[in-house]
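Some notes on the structure that comes next.
Each chain gets a letter, A, B and so on, in the order the sequences are listed, and its residues count up from 1.
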2 protein chains.
Amino acid sequence: MTTRIDTTTSELVALSVLAEEPLYGYAIAKRVAARSDERLRLTPGVLYPLLKRLEKSGLVTATWETVRSDRAEEGSEGRRRKWYRLSAKGRKRLAHHANAQREHQRLIEAFLPPEEPEAGA
Amino acid sequence: MTTRIDTTTSELVALSVLAEEPLYGYAIAKRVAARSDERLRLTPGVLYPLLKRLEKSGLVTATWETVRSDRAEEGSEGRRRKWYRLSAKGRKRLAHHANAQREHQRLIEAFLPPEEPEAGA
DNA sequence: CGCCAATATATCGGAATACGATATATCTGT
DNA sequence: ACAGATATATCGTATTCCGATATATTGGCG
């Protein structure tokens with residue numbers, strides 16, 4: 001019912017924002033939300049399994065960064081950030097996804113009734 | 001990997017062909033395949049659970065037809081066909097899906113890199 | 001007349017996945 | 001000192017895809 005965001009879409013948008021520059025997970029989610037006017041949300045339960053899949057299949061490479069602030073407490077390790085970078089393979093996949101997406105859109109359009117202002121609900 | 005046809009899409013295309021005229025399951029699948037140039041396939045494993053969901057949620061109504069041929073054998077019951085007809089609720093849902101789909105397309109486009117002839121793969 | 005492909009409906013079960021909830025820890029502004 | 005944002009991650013339930021399988025009927029063709 002709730003317009004589930006499918007794998008293809010979440011993969012596409014993640015790869016898409018990573019095509020511009022390396023980002024860490026949380027930043028990816030923020031970027032996607034911002035660019036979609038808050039309409040596409042990569043929640044943690046979607047985002048992190050997705051990134052794990054992307055990494056495992058070699059579409060992105062990842063490196064850890066640890067940031068320590070001035071006010072860091074004695075025992076603290078600092079904040080961990082995992083940076084993701086699009087690989088060559090990922091770039092190809094993105095292009096592929098983009099084409100598939102456009103193809104899919106053309107396909108679906110053949111089934112769409114003429115645009116009409118939705119009446120009631 | 002295999003470009004899963006998601007619920008939204010299969011529901012949309014099924015409702016879409018039913019908007020024109022009542023059809024039985026097998027005919028729906030054929031119609032969808034034909035209109036998509038054989039690219040969208042509603043296989044039995046997808047089609048019948050989908051129709052059951054549509055019926056249960058009141059988007060379509062269904063009636064059985066039994067066709068007996070001239071050459072029918074003694075014991076045979078004749079071929080059973082279950083005709084599906086779009087309900088008013090289904091018509092609303094179709095309009096809703098169509099708008100959501102267009103909205104989704106606009107959203108995704110913001111993430112698509114410029115169209116490029118996919119190199120290798 | 002007998003065979004087979006096409007027609008027609010349906011279920012099963014494994015695998016994938018969406019996503020809310022939960023957990024843990026750190027940083028920043030006030 | 002505290003709240004709220006930042007940041008990563010997993011769990012469990014529900015959903016769903018879809019290949020395979022099952023069953024039965026019909027039409028065409030040699």
Length of the line joining [X]:[atom1] and [N]:[atom2], which is rounded to integer Å:
{"X": "Arg80(B)", "N": "dA24(D)", "atom1": "CZ", "atom2": "C1'", "answer": "9 Å"}
{"X": "Ile28(B)", "N": "dA10(C)", "atom1": "CD1", "atom2": "P", "answer": "11 Å"}
{"X": "Trp83(A)", "N": "dT8(D)", "atom1": "CH2", "atom2": "C1'", "answer": "14 Å"}
{"X": "Asp70(A)", "N": "dG29(C)", "atom1": "CG", "atom2": "C1'", "answer": "14 Å"}
{"X": "Lys82(A)", "N": "dA25(C)", "atom1": "NZ", "atom2": "C1'", "answer": "17 Å"}
{"X": "Arg53(A)", "N": "dT8(D)", "atom1": "CZ", "atom2": "C1'", "answer": "16 Å"}

Exercise. From the list dC17(D), dT9(C), dT8(D), which nucleotide is the closest neighbour of the side chain of Arg81(A)?
Worked result: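 Nearest to the side-chain atoms of Arg81(A), counting from C-beta on, is dT8(D).
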
Problem set entry | Distance-only donor-acceptor test, Arg79(A) side-chain atoms vs dT6(D) base atoms, 3.5 Å |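 Pair found.
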
For this session: Provide the full list of salt bridge (charged side-chain N to carboxylate O under 4.0 Å, His left out) pairs with a residue in residues 42-64 of chain B, sequence neighbours left out, each pair given once.
Result: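 As it turns out, the salt bridge (charged side-chain N to carboxylate O under 4.0 Å, His left out) pairs with a partner in residues 42-64 of chain B, which skip direct neighbours, are Glu55(B)-Lys82(B).
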
For this session: Could you pull out the closest heavy-atom pair between Thr66(A) and Arg80(A), with the gap in Å?
Result: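 That closest heavy-atom pairing would be OG1-CG, 4.4 Å.
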
Exercise. Closest approach of Leu42(A) and Ser10(A), non-hydrogen atoms and distance?
Worked result: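 Here Leu42(A) and Ser10(A) meet closest at CD2-CB, 3.8 Å.
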
Exercise. Is there a side-chain contact between Arg35(A) and Ser16(A) (heavy atoms, below 4.5 Å)?
Worked result: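 The answer is yes, as the side chains (C-beta and beyond) meet within the 4.5 Å cut-off.
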
Please determine if [X] and [Y] form a salt bridge, counting it only when a charged side-chain N lies under 4.0 Å from a carboxylate O.
{"X": "Arg39(B)", "Y": "Glu103(A)", "value": "yes"}
{"X": "Glu21(A)", "Y": "Arg31(A)", "value": "yes"}
{"X": "Glu11(B)", "Y": "Arg93(B)", "value": "yes"}

Do any side-chain nitrogens or oxygens of [X] fall under 4.0 Å of OP1 or OP2 in [N]?
{"X": "Tyr26(B)", "N": "dT9(C)", "result": "no"}
{"X": "Ser69(A)", "N": "dT26(C)", "result": "no"}
{"X": "Lys30(B)", "N": "dT7(C)", "result": "yes"}
{"X": "Lys52(A)", "N": "dT8(D)", "result": "no"}
{"X": "Arg68(A)", "N": "dA25(C)", "result": "no"}

For this session: Check DNA chain C against residues 10-25 of chain B and give the residues with a non-hydrogen atom under 4.0 Å, in numerical order.
Result: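 Those residues whose heavy atoms fall under 4.0 Å from DNA chain C, taken from residues 10-25 of chain B in numerical order, are Tyr24(B), Gly25(B).
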
For this session: Give, ordered by number, those residues of residues 38-51 of chain B having at least one heavy-atom distance below 4.0 Å to an atom of DNA chain C; if nothing qualifies, reply none.
Result: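 Only Pro44(B), Gly45(B), Tyr48(B), Pro49(B) qualify.
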
For this session: Remember a base hit wins even if backbone is also touched, and classify Trp64(A) as base, sugar-phosphate or nothing at under 4.0 Å, heavy atoms.
Result: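 Sugar-phosphate, no base atom in range.
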
Exercise. When you look at CZ of Arg68(B), are more than 12 heavy atoms from neighbouring residues, nucleotides or ligands closer to it than 6.0 Å?
Worked result: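 Yes, because the 6.0 Å sphere around CZ of Arg68(B) holds more than 12 heavy atoms from other groups.
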
Exercise. Is the cationic atom of Arg81(B) (NZ for Lys, CZ for Arg) positioned less than 6.0 Å from the six-membered ring centroid of Trp64(B) and within 45 degrees of its normal?
Worked result: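 Judged by the rule (NZ or CZ under 6.0 Å from the ring centre, within 45° of its axis), Arg81(B) is not positioned above Trp64(B).
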
